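Let me begin by presenting the structure, written as structure tokens, before commenting on it.
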Amino acid sequence: MRKFLVLVFSLALALSLALTMGCKKAEEKTVEMKETATQAQKAKAAENKAEVLEKNAASEGSKALPSPPEIITKTEAQAVDPVGEEPLKDAITCLSRTIYWEAKNEGVAGMEAIANVVMNRLGHKGFPNKICEVVRQGREQGACQFSWWCDGRSDDAEEDKPYAIAKEISRKALNRQLPDRTGGAMYFHQRKVTPGWSAEYIKTVEIGEHIFYKPHGGMAK
């Protein structure tokens, strides 16, 4: 009888533990789902704001700064493309990947300078009115404006920290909170090369491993 009671008690204890663990896992899953939903909401809000800010930035002569409700927050920007593997379909992702791949080892100043070039091109004569189109201008295989886009390699971000910095720089650029380090540059190249086109433009500044240029008279080809 005693052995039977011990067995019953053991089974009851095991069942209780199983139920407790099951409830705990269910709670953890619920929390995880809620966090995922919140992240998705923040990402969508950021993408919607970026679309409006991008349109305003592309408007020639537009000087109006975004109002507080229009500004992309830090958490919203970081929620977009969280691991750097999403398709290049929104302004934040396209700008962040460009900053990351062109200057992820250049420090903040070098990364901001790349953002400046993209934003200076946006809506300017000779360039598209959308950031993703500016980034993808040219052919993906062969002649393109940004080397990372047509080098035949994966476009996914590989390092969390520099990609997070790139997204923060993108956020500031779209919010018009990023000073232009390049003096209005629309072109750049690495120091170790001297492309023939560089003689056609005005050199503005050297930052990190890149040299920046602007067109004569402010006109791009």
Side-chain angles (χ1 to χ4, degrees), residues 35-59 62-124 127-137 145-146 148-149 155-186 188 207-208 210 212:
E35 289 177 349
T36 300
T38 300
Q39 286 289 93
Q41 290 173 352
K42 289 179 179 179
K44 188 61 178 176
E47 290 175 11
N48 290 339
K49 290 179 181 180
E51 187 175 349
V52 174
L53 294 170
E54 174 187 53
K55 184 177 180 180
N56 292 340
S59 299
S62 176
K63 300 293 184 182
L65 296 176
S67 61
E70 295 174 321
I71 290 176
I72 302 168
T73 68
K74 291 183 179 181
T75 56
E76 287 173 342
Q78 293 301 325
V80 177
D81 186 29
V83 294
E85 297 178 351
E86 295 294 326
L88 298 165
K89 61 180 179 58
D90 67 274
I92 295 174
T93 301
C94 287
L95 183 54
S96 298
R97 295 279 186 90
T98 303
I99 295 167
Y100 173 86
W101 281 115
E102 294 289 349
K104 64 187 178 74
N105 297 318
E106 295 293 304
V108 172
M111 295 171 79
E112 288 182 347
I114 300 301
N116 292 149
V117 169
V118 176
M119 297 305 293
N120 288 342
R121 288 185 176 193
L122 184 63
H124 197 279
F127 296 106
N129 293 323
K130 290 185 176 293
I131 288 173
C132 286
E133 292 177 10
V134 168
V135 170
R136 295 194 296 250
Q137 194 171 17
Q145 297 292 311
F146 295 92
W148 71 273
W149 170 246
D155 298 331
D156 295 347
E158 299 172 345
E159 301 160 86
D160 292 341
K161 186 174 180 180
Y163 191 53
I165 294 172
K167 283 197 285 187
E168 173 61 9
I169 292 171
S170 295
R171 182 187 77 87
K172 290 181 178 179
L174 284 161
N175 287 341
R176 297 198 179 187
Q177 298 169 331
L178 190 67
D180 189 350
R181 293 178 175 271
T182 70
M186 294 183 191
F188 66 94
I207 301 175
H210 292 104
F212 297 82

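All values derive from a computational prediction rather than experimental measurement. Position 1 is the first residue of the sequence; numbering continues from there.
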Check for a donor-acceptor pair, side chain of Tyr100 on one end and backbone N or O of Glu158 on the other, with a separation under 3.5 Å. yes
Would a 4.5 Å heavy-atom cut-off, applied to side chains only, mark Ile71 and Gln177 as touching? yes
Kindly say whether Ser170 contributes a backbone atom to a donor-acceptor pair with the side chain of Ser96 at under 3.5 angstrom? no
Any donor-acceptor N/O pair, Lys49 side chain to Glu70 backbone, under 3.5 Å: no
Run the side-chain contact (heavy atoms from CB on, under 4.5 Å) test on Gln78 and Glu168 for me, step by step, so that the C-alpha distance in whole Å, both residues' side-chain angles and the decisive distance to 0.1 Å come before the verdict. CA-CA 7 Å; Gln78 293 301 325; Glu168 173 61 9; 4.1 Å; yes
Distance-only polar pair, side chains of Arg121 and Gln145, donor-acceptor under 3.5 Å: yes
Report yes or no: does Arg171 contribute a side-chain atom to a donor-acceptor pair with the main-chain N or O of Ile72 at less than 3.5 Å? yes
Are the side chain of Arg97 and the backbone of Gly84 linked by a donor-acceptor contact shorter than 3.5 Å? yes
Is there a side-chain contact between Phe146 and Phe188 in this structure, where contact means two heavy atoms from C-beta onward sitting under 4.5 Å apart? yes
Does Thr75 offer a backbone N or O that forms a donor-acceptor pair with the side chain of Lys42 under 3.5 Å? no
Taking Asp155's backbone N and O only, do any of them form a donor-acceptor pair with Trp101's side chain (distance below 3.5 Å, no angle check)? yes
Counting only heavy atoms not in Asn48, do more than 12 fall under 6.0 Å of its CG? yes
Is a donor on one side and an acceptor on the other found under 3.5 Å between the side chain of Asp180 and the backbone of Asn116? no
Do side-chain atoms of Asp90 reach the backbone of Cys94 as a donor and acceptor pair under 3.5 angstrom? no
Under 3.5 Å: donor-acceptor pair, side chain of Arg181, backbone of Glu112: no
